[in-house]
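The figures here come from the full heavy-atom set of this structure, side chains too, leaving out hydrogens, waters and symmetry mates. Because the structure is predicted, anything quoted here is derived from the model rather than measured. In the text below, chain A, chain B and the rest are named by the order of the sequence lines, each starting its count at 1.
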Amino acid sequence: MNDSNTDNSGDSGANPDTKVSSNFIRNKIAQDLADNKHGGRVHTRFPPEPNGFLHIGHAKSICLNFTVAAENGGLCNLRFDDTNPAKESQEFVNSIEENIRWLGFNWNGDARYSSSYFDALYEFAVQLIGKNLAYVCSLSAEEAREYRGSLTEPGRNSPDRDRSIEDNVDLLKRMKEGEFEDGSYSLRAKIDMASPNITLRDPVFYRIRHIAHHQTGDKWCIYPTYDYTHCISDAIEGITHSLCTLEFEEHRPLYNWILEKLDLDSIKSVSDLADSEFDYVLPEQTEFAKLKLNYTIMGKRTLREMVETNVVDGWDDPRMPTLAGMRRRGFSPASIRNFCESVGVARSDSVVDMAMLEHAIRDDLDKNAPRAMCVMNPLKVVLTELEADAEESLEMSNHPKLEEMGKRVLPLTREILIDRSDFEEIPPAGFKRLIPGGEVRLRGAYVIRCDEVVKNSEGEVEELHCSIDRNTLGKKPEGRKVKGVIHWVSASKGVPVTVRLYDRLFNVENPESKKIEDYRECLNPDSLTVLEGCVVEPSVCGENSFNSYQFEREGYFCRDEIDSIEDKLVFNRTITLRDSWAS
RNA sequence: UGGGGUGUCGCCAAGUGGUAAGGCACAAGGUUUUGAUCCUUGCAUGCGUUGGUUCGAAUCCAGCCACCCCAGCCA
């Protein structure tokens with residue numbers, strides 16, 4: 001593609017009009033600051049597991065963590081929570097980093113990895129064993145499940161619970177050295193098998209997995225679990241506010257248990273704050289409701305399956321709720337940020353209406369996308385008074401209100417194209433477009449009158465013969481009102497393009513509902529419509545073209561950078577215009 | 001039937017004892033060479049429910065109801 005293209009798909013800045021609303025996390029941080037809880041510091045982190053692509057749900061968390069830090073002069077780390085190498089890969093690490101940058105955020109320093117704390121984590125485990133707070137357990141996963149009890153019944157102690165400290169240290173060392181098979185032993189915390197909070201029934205901290213890790217290679221064959229790793233990683237990085245979603249709420253006692261049992265000095269000494277003058281205060285976990293969107297599936301498992309079974313054309317299919325997909329669809333980073341802010345942050349389970357997302361992108365593109373004309377379903381119109389080789393150059397603003405967006409030239413020729421839906425022989429009530437003998441304004445040009453309807457042998461309308469009112473360029477017609485305005489393009493100067501119309505992927509509000517056995521039952525068969533015979537005005541393909549446009553009266557579109565080729569551009573419809581006429 | 005949460009307009013959501021913000025959606029007007037945008041107006045005598053405390057309650061207390069999460073060596 002053309003290097004000189006003006007990139008308008010990038011960061012157009014946060015909408016200054018977007019009101020920042022108070023929420024319980026902002027309030028809590030303000031209170032902590034007032035109490036001088038962390039020595040005035042605010043340090044957050046976004047901790048994705050590199051096992052999939054980021055989606056709009058992650059965007060909420062990203063925006064929350066980065067925004068709340070920035071608002072308070074704080075920092076936000078990016079940390080890959082990579083404790084399960086079986087599911088993770090470098091490909092995901094790369095895409096996550098790229099998506100976050102695209103969204104417009106810069107993390108503090110280099111990206112972190114939980115795996116870079118594996119040495120410290122191991123030493124802390126030895127420390128816990130030394131305090132008689134952890135033990136090596138030989139129960140299989142299945143046995144452990146039986147011992148754990150149920151929601152209503154307490155669990156039973158593992159037969160290995162009273163193993164000596166010396167034996168536990170020795171066994172953990174041998175686990176680490178690869179002496180045992182996967183699953184034969186685990187390291188568990190010694191808490192309370194009768195706790196009503198199942199998370200506290202001697203949770204597993206280490207498991208044996210003879211598998212290479214995308215960051216640490218073959219160095220380890222034991223890997224720490226999320227619960228054990230996350231709190232310590234937060235503490236090592238000097239995180240003050242550890243924000244996560246609601247389902248981790250009952251893990252919070254464990255998060256605190258681990259950090260409180262460890263010697264504070266031993267944590268501080270390996271932390272980023274080791275040499276700082278800040279009071280070292282343990283991080284605190286706060287939970288918020290994750291984002292749900294109607295007509296959308298956010299579950300990673302299903303998204304992955306849709307990609308693998310070709311229900312969609314990849315993680316970046318414009319119908320996907322992934323950031324990669326939304327980007328390709330034409331969503332701007334600012335629109336996504338504004339959307340996340342408008343949705344708010346709270347603790348109640350809620351499902352946000354798609355209309356909010358659609359409003360966010362329309363709001364942004366209305367201000368930032370230049371206008372152009374594209375005829376989707378062409379109908380030839382002959383302007384009978386023009387000579388066959390005539391060409392008029394009409395100047396038109398790129399934006400109806402923002403002069404700074406400049407102007408472009410529209411070529412008007414004897415044969416032009418209009419959309420078939422803008423002509424009706426028998427118009428419905430209220431129709432404001434072209435009808436036989438009627439008049440309509442060609443956007444940016446003259447008022448024309450339909451003098452003759454030419455049909456083929458099948459009786460289908462083949463072309464229209466129209467006369468133009470020369471006295472209507474840039475002024476209202478005299479003695480009558482012409483209500484309708486339609487878009488058009490020169491038949492000879494227009495450029496053929498492919499246009500893809502996207503619609504929601506699912507046709508039910510809650511495709512993740514338990515009532516739906518298979519998500520494929522509710523796929524929208526019309527989620528993608530490919531139109532091959534579309535024609536755009538030449539400015540869209542010229543030297544100074546943009547990525548995103550409003551094709552007037554049709555919607556917002558962006559050039560597909562992957563499938564567009566030199567002489568055949570492909571445009572993706574980002575979103576339609578609001579349409580109060582509802583055709 | 002154990003534990004942890006949540007219930008404020010169709011959808012998000014502020015509000016933390018002084019008499020229900022805001023956004024989306026919707027509706028009605030106005031402007032308009034995009035049936036767009038923009039502007040104006042309307043939209044909870046009511047805060048899951050029932051009692052109680054109080055001069056005063058969405059806010060405090062008690063009971064009840066509904067929904068969500070937890071029994072991975074996933075995160």
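Across all strands shown, A/Asn51 has no heavy atoms under 4.0 Å from either base or sugar-phosphate atoms. Contacts of A/Pro400 with the nucleic acid, taken as non-hydrogen atoms under 4.0 Å apart, include base atoms. Across all strands shown, A/Arg145 has heavy atoms under 4.0 Å from sugar-phosphate atoms exclusively, and none from any base. Nucleic acid contact for A/Gln550: base, since at least one base atom lies under 4.0 Å from a heavy atom of the residue. A/Leu246 comes within contact range of no nucleotide atom at all, as no heavy-atom separation falls under 4.0 Å. Residue contacts shown for A/Glu250 include a base, since a base heavy atom lies under 4.0 Å away. Counting non-hydrogen atoms under 4.0 angstrom, A/Ala355 reaches the backbone sugars and phosphates but no base. Among the protein residues, A/Ala445 comes within range of the nucleic acid bases, having at least one heavy atom under 4.0 Å from a base atom. Residue contacts for A/Leu139: at a heavy-atom cut-off of 4.0 Å it reaches a base atom on one of the strands shown. When heavy atoms are screened at a 4.0 angstrom cut-off, A/Arg347 is found touching the sugar-phosphate backbone but no base atom. Using a 4.0 Å heavy-atom cutoff across all strands shown, A/Leu473 reaches at least one base atom of the nucleic acid. Residue-level contact check: A/Tyr228 touches neither bases nor backbone, having no heavy atom under 4.0 Å from any strand. Counting any heavy atom pair closer than 4.0 Å across all strands shown, A/His487 reaches no nucleic acid atom.
Among the candidates A/Glu49, A/His230, A/Arg79, the single residue satisfying the side-chain contact (heavy atoms from CB on, under 4.5 Å) test with A/Ser114 is A/Arg79. Between A/Phe248 and the options A/Tyr226, A/Phe288, A/Tyr255, a ring pair (Phe, Tyr, Trp, His ring centres under 6.0 Å) holds for only A/Tyr226.
Residue A/Ser348 has no polar side-chain atom (N or O) positioned under 4.0 Å from OP1 or OP2 of B/G5. Residue A/Asn338 places none of its side-chain N or O atoms closer than 4.0 Å to OP1 or OP2 of B/G23. The phosphate of B/C24 has neither OP1 nor OP2 within less than 4.0 Å of any side-chain N or O from A/Ser342. Within the 4.0 Å cut-off from OP1 or OP2 of B/A13, at least one side-chain nitrogen or oxygen of A/Ser350 is found. Side-chain nitrogen and oxygen atoms of A/Arg443 include none within less than 4.0 Å of the OP1 or OP2 phosphate oxygen of B/U33. Within the structure, every side-chain polar atom (N or O) of A/Arg578 is placed at least 4.0 Å from both OP1 and OP2 of B/C38. In this model, the phosphate group of B/C69 is approached by a side-chain N or O of A/Lys514 to a distance below 4.0 Å at OP1 or OP2. In this structure, A/Arg209 reaches the B/C74 phosphate: one of its side-chain N or O atoms is under 4.0 Å from OP1 or OP2. Within the 4.0 Å cut-off from OP1 or OP2 of B/A75, not a single side-chain nitrogen or oxygen of A/Lys87 is found. Under 4.0 angstrom from either OP1 or OP2 of B/C24 there lies at least one side-chain N or O belonging to A/His359. Contact annotation: A/Arg201 does not reach the phosphate of B/G3 (side-chain N/O to OP1 or OP2, under 4.0 Å). A sub-4.0 Å separation between OP1 or OP2 of B/C74 and a side-chain N or O of A/Thr225 is absent.
Between the side chain of A/Arg26 and the backbone N or O of A/Ser21 there is at least one donor-acceptor pair closer than 3.5 Å. Between the side chain of A/Arg161 and the main chain of A/Tyr135, no donor-acceptor pair closer than 3.5 Å is present. Judged by distance alone, with hydrogens and angles left aside, the side-chain atoms of A/Glu392 form no donor-acceptor pair with the main-chain N or O of A/Leu412 at under 3.5 Å. Side-chain N or O atoms of A/Thr296 include one that pairs as donor or acceptor with a backbone N or O of A/Asn294 at under 3.5 Å.
A distance cut-off of 5.5 Å between ring centres, combined with a plane angle under 30°, leaves A/Tyr226 outside any stacking arrangement with the base of B/A75.
Applying the ring pair (Phe, Tyr, Trp, His ring centres under 6.0 Å) rule to A/Phe46 yields no partners; only residues at least two apart in sequence or on another chain are considered. In this view, A/Glu250 satisfies the salt bridge (charged side-chain N to carboxylate O under 4.0 Å, His left out) rule with no residue, not counting sequence neighbours.
Using atom C1' as the reference point in both B/A58 and B/U53, the two lie 16 Å apart (nearest Å). A gap of 39 Å separates the P atoms of B/G51 and B/U41, to the nearest Å. Taking atom C1' on both nucleotides, B/G2 is separated from B/A20 by 38 Å, rounded to a whole Å. Comparing the C1' positions of B/A57 and B/U8 gives a spacing of 14 Å, expressed to the nearest Å. Taking atom P in both B/G4 and B/A44, the straight-line distance is 38 Å, to the nearest Å. Comparing B/G56 with B/G18, their C1' atoms sit 7 Å apart, to the nearest whole Å. With both ends at atom C1', the span from B/C70 to B/G10 equals 32 Å, rounded to whole Å. One P atom belongs to B/C9, the other to B/G48, and the distance between them is 8 Å to the nearest Å.
Note: A/Tyr223 and A/Phe118 have perpendicular aromatic rings, judged against thresholds of 30 and 60 degrees for the angle between ring planes. Ring geometry for A/Phe571 versus A/Phe551: interplanar angle over 60°, hence perpendicular rather than tilted (30 to 60°).
Taking atom CG on A/Leu365 and atom C1' on B/U34, their separation rounds to 15 Å, with Å as the unit. At whole-Å resolution of the value, CD1 in A/Ile191 and C1' in B/C70 are 15 Å apart.
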Q.
Give the dot-bracket line for RNA chain B from 5' end to 3' end: parentheses for intra-strand Watson-Crick or G-U pairs under 3.5 Å, square brackets for crossings, | for inter-strand pairing, dots for unpaired.
A. .(((((((.[[[..)..(...]]].(((((.......))))).....[[[[[..)....]]]]])))))).....
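Shortest non-hydrogen contact noted between A/Asp419 and A/Asn377 is OD2-N, 3.1 Å.
Between the base of B/G4 and the side chain of A/Arg252 there is no donor-acceptor pair shorter than 3.5 Å. Side-chain N/O atoms of A/Arg362 and base N/O atoms of B/U37 include no donor-acceptor pair closer than 3.5 Å. Side-chain atoms of A/Arg553 stay outside donor-acceptor range of the base of B/U34, with no qualifying N/O pair under 3.5 Å. Between the side chain of A/Glu249 and the base of B/G5, no donor-acceptor pair under 3.5 Å is found.
Taking the O4'-C1'-N9-C4 or O4'-C1'-N1-C2 dihedral as appropriate, B/G30 has a value more than 90° from 0 and is therefore anti.
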